[in-house]
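Only a predicted model underlies this, so the values are computations on that prediction, with no experimental measurement involved.
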Amino acid sequence: ERSRRALVAGVSGMLGLSLLQWLLVAGVLEFQVQAGLLLLPFAGLLYWFVATGRIGREAGEFRHRERVDWLAAFYVGHAWWAYRVGTCLWRIRDEAGRVS
């Protein structure tokens, strides 16, 4: 249930951010208006970063600390977060291949 909420929040946040940026580039929204509207989809994306990290740590798959999730949510540590999550997913895939 929690992972589904995180998925919906993350996808909604990414779509919302993309739509608002497209409206800005197309000249439909002014920057000041768009900047205020970014808060809601950004909150969904923040929830996705933090919830995904927490779920992965509780499952014993992610070894990074929660502060990495928070840093990634604010784009400070996004590259590091992506690297850490990616290496965990590669490891999971490799382990699953050995079991099959």
Side-chain angles (χ1 to χ4, degrees):
E1 176 63 32
R2 188 172 45 163
S3 62
R4 190 173 307 249
R5 278 194 314 261
L7 173 67
V8 169
V11 170
S12 300
M14 289 179 216
L15 290 174
L17 290 170
S18 297
L19 175 64
L20 288 171
Q21 288 182 358
W22 182 82
L23 291 173
L24 176 68
V25 171
V28 176
L29 290 178
E30 294 181 9
F31 178 78
Q32 293 81 1
V33 174
Q34 186 249 11
L37 294 174
L38 287 174
L39 291 176
L40 187 60
F42 182 72
L45 193 59
L46 185 139
Y47 176 76
W48 177 73
F49 276 115
V50 175
T52 301
R54 186 169 290 161
I55 292 166
R57 277 189 303 282
E58 289 173 359
E61 300 297 340
F62 293 173
R63 294 181 177 94
H64 63 266
R65 295 194 173 127
E66 186 171 352
R67 70 173 173 243
V68 174
D69 303 326
W70 284 97
L71 289 172
F74 290 102
Y75 295 105
V76 175
H78 187 260
W80 179 246
W81 180 88
Y83 170 77
R84 297 293 300 186
V85 170
T87 56
C88 289
L89 294 175
W90 280 100
R91 182 178 43 76
I92 294 167
R93 183 202 65 172
D94 292 343
E95 290 173 1
R98 278 184 250 147
V99 172
S100 298

Distance-only donor-acceptor pairs under 3.5 Å for side chains of residues 41-53, two or more places apart:
{"unit_1": "W48", "atom_1": "NE1", "unit_2": "T52", "atom_2": "OG1", "d": "3.4"}
{"unit_1": "T52", "atom_1": "OG1", "unit_2": "W48", "atom_2": "O", "d": "2.7"}

Hydrophobic cluster (4.5 angstrom, side-chain heavy atoms) - remaining members for W90:
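Taking Ile, Leu, Val, Met, Phe, Trp and Tyr as members, W90 stands alone, with no cluster partners.
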Sequence neighbours left out, cut at 3.5 Å: what donor-acceptor pairs do the side chains of residues 12-38 make with other protein atoms?
{"unit_1": "S12", "atom_1": "OG", "unit_2": "V8", "atom_2": "O", "d": "2.7"}
{"unit_1": "S18", "atom_1": "OG", "unit_2": "M14", "atom_2": "O", "d": "2.9"}

